[in-house]
Number of protein chains: 2
Amino acid sequence: MAKNNYTDGCTDVVCSVDYAFKRIGGKYKGRILWNLSNKNILRYGELRKTLVDVTPKMLTQTLRELEEDELVSRKVYHEVPPKVEYSLTDIGMELIPFINHLKEWGDKQRLKEKVLSSLKTS
Amino acid sequence: MAKNNYTDGCTDVVCSVDYAFKRIGGKYKGRILWNLSNKNILRYGELRKTLVDVTPKMLTQTLRELEEDELVSRKVYHEVPPKVEYSLTDIGMELIPFINHLKEWGDKQRLKEKVLSSLKTS
DNA sequence: TGTGTAGGGTACAAAAAAGTGCATACTTGT
DNA sequence: ACAAGTATGCACTTTTTTGTACCCTACACA
């Protein structure tokens, strides 16, 4: 018999929860995926304006990671000036329900916080 | 007319997607929540054994954050040796369906990766 | 000939997150 | 008297993640 039975399916270096969080973790990934799910296709510059606080370097880096992880696909038009379009892959789309629900949960929590703080100042 | 219409509901410092990711982001938070949802109640030491790679410092720190965010509740028994039990709050429980969804997505992806790599070595 | 434009790249610096090592309290068992 | 067990706390270091500043390309237009 095993000395302990606290195994959690996370006995490898990472379990699936860990694995998934790593793939969508990071400061901008959630918002990029969410915006792509709303607009279907966004150009680099559009993403940059949408995620107001992102720097070009971080946007590029994050998009590259999402692309490598096959959550986002990148379509380059060989025009001048250049044009690059980003959209969700099928794998990426499967995450959208999760992100939507998370957003709704966040909305709810933020609303609660707002109500509570307005009660304090009154 | 506005100069651009790329607003995304994220015009505050953070939008709800951002907000939610911050509350459940971090190396161990997802796994802690998921394990608590499976076992209902876990003691500090049990969590430590379950999350094999966590250091005591990080576990304590993460649990404190989850407690402050009201995702997890902490019950101290004034015994010797000390005993502390952790469980999900109602707010924390609301996140479980999404974490489960994420886990299933992760399972599926990892399975795919496994199949692909076994094809390569054959 | 010079300027603007879209979508980047790179080196370096700063900030945030995580890890290490050591210490503590109290009590029961040897 | 002394070690063991449980759940931490704290100072310090390392690692990871972000940010800053500046550079490039290729064509179109004036």
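- DNA chain D is contacted by both Val80(A) and Met58(A); Met58(A) maps to the nucleotide lying nearer its 5′ end (nearest heavy atom per residue).
- Of the listed nucleotides (dT18(D), dG7(C), dA18(C)), dT18(D) has the atom at the smallest distance from the side chain of Gln61(A).
- Of the charged side-chain nitrogens involved, at least one lies within less than 4.0 Å of a carboxylate oxygen, so that Glu65(B) and Lys29(B) count as a salt-bridged pair.
- Residue Glu70(A) places its CD atom among 12 or fewer non-hydrogen atoms of other residues, nucleotides or ligands, all under 6.0 Å distant.
- For the pair Leu47(A) CG and dG7(C) P, the interatomic distance rounds to 10 Å; values are reported in whole Å.
- For Pro56(B), counting side-chain heavy atoms from C-beta on, the closest listed nucleotide (dG8(C), dT8(D), dA18(C)) is dT8(D).
- At dG19(D), one or more side-chain N or O atoms of Tyr28(A) fall inside 4.0 Å of OP1 or OP2 (strictly under the cut-off).
- Comparing dA7(D), dG9(C), dT10(C) by their closest approach to the side chain of Arg43(B) singles out dA7(D).
- What separates NZ of Lys83(B) from C1' of dT27(C) is a distance of 16 Å, to the nearest Å.
- dA23(C) atom P lies 18 Å from atom NZ of Lys57(B), rounded to whole Å.
- When hydrophobic clusters are built by joining Ile, Leu, Val, Met, Phe, Trp and Tyr residues whose side-chain heavy atoms come closer than 4.5 Å, directly or via intermediates, Leu111(B) is not grouped with Leu95(A).
- Rounding to whole angstrom units, CZ of residue Arg64(B) and C1' of dA7(D) are separated by 9 Å.
- Between Lys27(B) and dG19(C) there is a side-chain N or O to OP1 or OP2 distance below 4.0 Å.
- Rounded to an integer number of Å, the gap from CG of Leu59(A) to C1' of dT10(C) is 17 Å.
- Between the NZ atom of Lys57(A) and the OG1 atom of Thr60(A) there is a distance of 10.0 Å, given to the nearest 0.5 Å.
- For Tyr86(B), a side-chain nitrogen or oxygen approaches OP1 or OP2 of dT8(D) to under 4.0 Å.
- Across the protein-nucleic acid pair, Arg48(A) atom CZ and dG8(C) atom P stand 10 Å apart, rounded to whole Å.
- Contact annotation: Tyr77(B) does not reach the phosphate of dC26(C) (side-chain N/O to OP1 or OP2, under 4.0 Å).
- Between Glu65(B) atom CD and dA18(C) atom C1' there is a gap of 11 Å when expressed in whole angstrom units.
- In this structure, the nucleotide among dG8(C), dT20(C), dG5(D) sitting nearest to the side chain of Pro81(B) is dG5(D).
- Computed from coordinates, the Asp53(A) CG to dT20(D) C1' distance equals 15 Å when rounded to whole Å.
- In this model, the phosphate group of dT8(D) is approached by a side-chain N or O of Arg74(B) to a distance below 4.0 Å at OP1 or OP2.
- Checked for salt-bridge contact, Lys39(A) and Glu46(A) miss the test: no charged N lies under 4.0 Å from a carboxylate O.
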